[in-house]
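Below: one structure, written as structure tokens.
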Amino acid sequence: MVSVIDYQLLRAELTPRPFAQVDWVDSTGSTNADLLAAGPRDAVALLAGEQTAARGRLGRAWTSPAGEQLAASLSLVVPAADAGRLGTLPLAVGVGIVDAITAYLPQAGLKWPNDVLVSGRKLCGVLAEAAAVDGGFHVVVGFGLNTAMPAAHLPVPHATSLLVEGVEVDPTRLAVDVLTGVAERLAQWRAGDARLLADYRDACLTLGRHVRVDTPQGEVIGVAQAVADDGRIAIDGQWFSAGDVTHLRGWSQ
């Protein structure tokens, strides 16, 4: 798999629609941190050849090795009226990534809330961060999609990559497809389109499974029954938001 993205072509394909601006850097600490520091700009994408100090959920550290991931962050400005829906914005990004990936790996789906899985292994993670600004919120959503990462470089045993799955794809075409898919789902989110959450539920591999949820208060074991319109998940009648959960994993007795 060729691991070099043609960023000039990427910009030509994606601007001025669906993104107002597409930027890239060869190396940075974190694309999320860079966009948050740049202040509120809407529909701006930043990609990086590598990240050396990126973060996952709950502040977990991770790196994005050069040429082995599609690492990108999106800067969005969300009006205050949509504050109650912010929790579903990263879900929309996850669905957009799955839309693109299923063209190559039809079995791809989502582990609640927004990890992209292939055959039970993590292909991509999504992290959203928000800051209050005048009139609303500056939201940055980042993701790292393992592309040309060999098995020896996978960060955890339950991770995978397109390379490991035997998929060869032009990295520029993949980047265009993923960012286009994400932009389409974000447009649905902005419009309040109910089909977005319906499609999320269809793609959510967690629903119907016996799972263990780890929270600061302890663990809950049960069946994942439903995902609410605000993104919370029901486990045997108890509702959890992403912020309530430290880990969610499949459980077998």
Side-chain angles (χ1 to χ4, degrees), residues 30 32-33 36 51 53-64 69 71 73 83-98 101 107-131 139-146 149 151 153-161 164-165 196-197 199-253:
S30 163
N32 265 30
L36 284 168
Q51 295 184 98
R55 299 185 306 278
R57 286 189 68 243
L58 305 176
R60 300 181 185 114
W62 59 278
T63 60
S64 175
Q69 275 195 341
S73 293
R85 300 196 301 124
L86 283 177
T88 59
L89 200 156
L91 275 61
V93 172
V95 178
I97 296 169
V98 168
I101 294 303
Q107 72 272 36
L110 290 164
K111 172 188 166 187
W112 183 88
N114 44 43
D115 283 348
V116 179
L117 301 188
V118 174
S119 302
R121 302 173 73 187
K122 183 174 177 178
L123 181 71
C124 178
V126 178
L127 175 69
E129 301 176 89
V139 183
V140 174
V141 187
F143 60 88
L145 171 60
N146 298 334
M149 187 175 290
H153 291 182
L154 293 172
V156 290
H158 57 272
T160 190
S161 69
V164 169
E165 297 297 323
L196 173 61
L197 267 295
D199 290 344
Y200 174 86
R201 294 180 183 107
D202 286 342
C204 185
L205 303 172
T206 307
L207 288 176
R209 293 195 62 197
H210 208 67
V211 299
R212 187 182 84 188
V213 177
D214 295 333
T215 77
Q217 291 74 41
E219 69 175 33
V220 175
I221 297 172
V223 175
Q225 299 166 305
V227 173
D229 288 345
D230 62 3
R232 292 176 301 148
I233 193 167
I235 310 294
D236 281 359
Q238 297 185 61
W239 289 94
F240 299 90
S241 69
D244 297 328
V245 174
T246 308
H247 288 288
L248 182 149
R249 63 200 67 186
W251 180 257
S252 58
Q253 295 176 313

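Just so you know, these numbers use all the heavy atoms, side chains as well, and skip hydrogens, waters and symmetry mates.
Between Ala108 and Val118, the closest heavy-atom pair is CB-CG2, 4.0 Å. Listed here is the closest heavy atom pair of Ala92 and Leu196: CB-CD2, 3.7 Å. Listed here is the closest heavy atom pair of Ala228 and Leu197: O-CD1, 4.0 Å. Taking every heavy atom of both residues into account, Leu91 and Gly231 meet most closely at CD2-CA, 4.0 Å. Here the closest heavy-atom approach between residue Cys124 and residue Ile97 is recorded as SG-CD1, 3.9 Å. In this structure, Val139 and Ala130 approach most closely via the heavy-atom pair CG2-CB, 4.1 Å.
Taking Lys111 as the reference, nothing meets the salt bridge (charged side-chain N to carboxylate O under 4.0 Å, His left out) condition, with sequence neighbours excluded.
Taken from SG in Cys204 to CG in Asp199, the straight-line distance is 12.5 Å, to the nearest 0.5 Å. Atom CG of Leu145 sits about 9.5 Å away from atom OG of Ser161, to the nearest 0.5 Å. Rounded to the nearest 0.5 Å, atoms CD1 (Ile235) and CD1 (Ile221) are 11.0 Å apart.
Contact check for Phe143 versus Val116: no side-chain heavy atoms found under the 4.5 Å cut-off. Between Asp229 and Arg85 there is no side-chain heavy-atom pair separated by less than 4.5 Å. Using a 4.5 Å heavy-atom threshold, the side chains of Tyr200 and Thr88 count as separate. Looking at heavy atoms from C-beta onward, Thr160 lies out of side-chain contact with Asn146 at the 4.5 angstrom threshold. Looking only at side-chain heavy atoms (C-beta outward), Glu129 and Leu36 come within less than 4.5 Å of each other. Residues Val164 and Met149 have side chains not in contact (no heavy-atom distance under 4.5 Å, counting atoms from C-beta outward).
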Chi angles and distances behind the side chain to side chain contact (heavy atoms under 4.5 Å, CB included) call for Leu248, Phe240: CA-CA 11 Å; Leu248 182 149; Phe240 299 90; over 6 Å; no

Does the side chain to side chain contact (heavy atoms under 4.5 Å, CB included) test come out yes or no for Asp214 and Arg249, once each step is laid out? CA-CA 9 Å; Asp214 295 333; Arg249 63 200 67 186; 3.7 Å; yes

Which is it for Asp115 and Arg121 under the salt bridge (Lys or Arg N to Asp or Glu O under 4.0 Å) test, yes or no, and what are the steps along the way? CA-CA 10 Å; Asp115 283 348; Arg121 302 173 73 187; over 6 Å; no

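In this structure a side-chain-to-backbone donor-acceptor pair under 3.5 Å is present from Gln225 to Asp236. In terms of modelled atom types and a separation under 3.5 Å, the side chain of Arg201 and the main chain of Val227 share a donor-acceptor contact.
At a cut-off of 3.5 Å, with distance as the only test, no side-chain donor of Thr215 or Asp244 sits close to an acceptor on the other residue.
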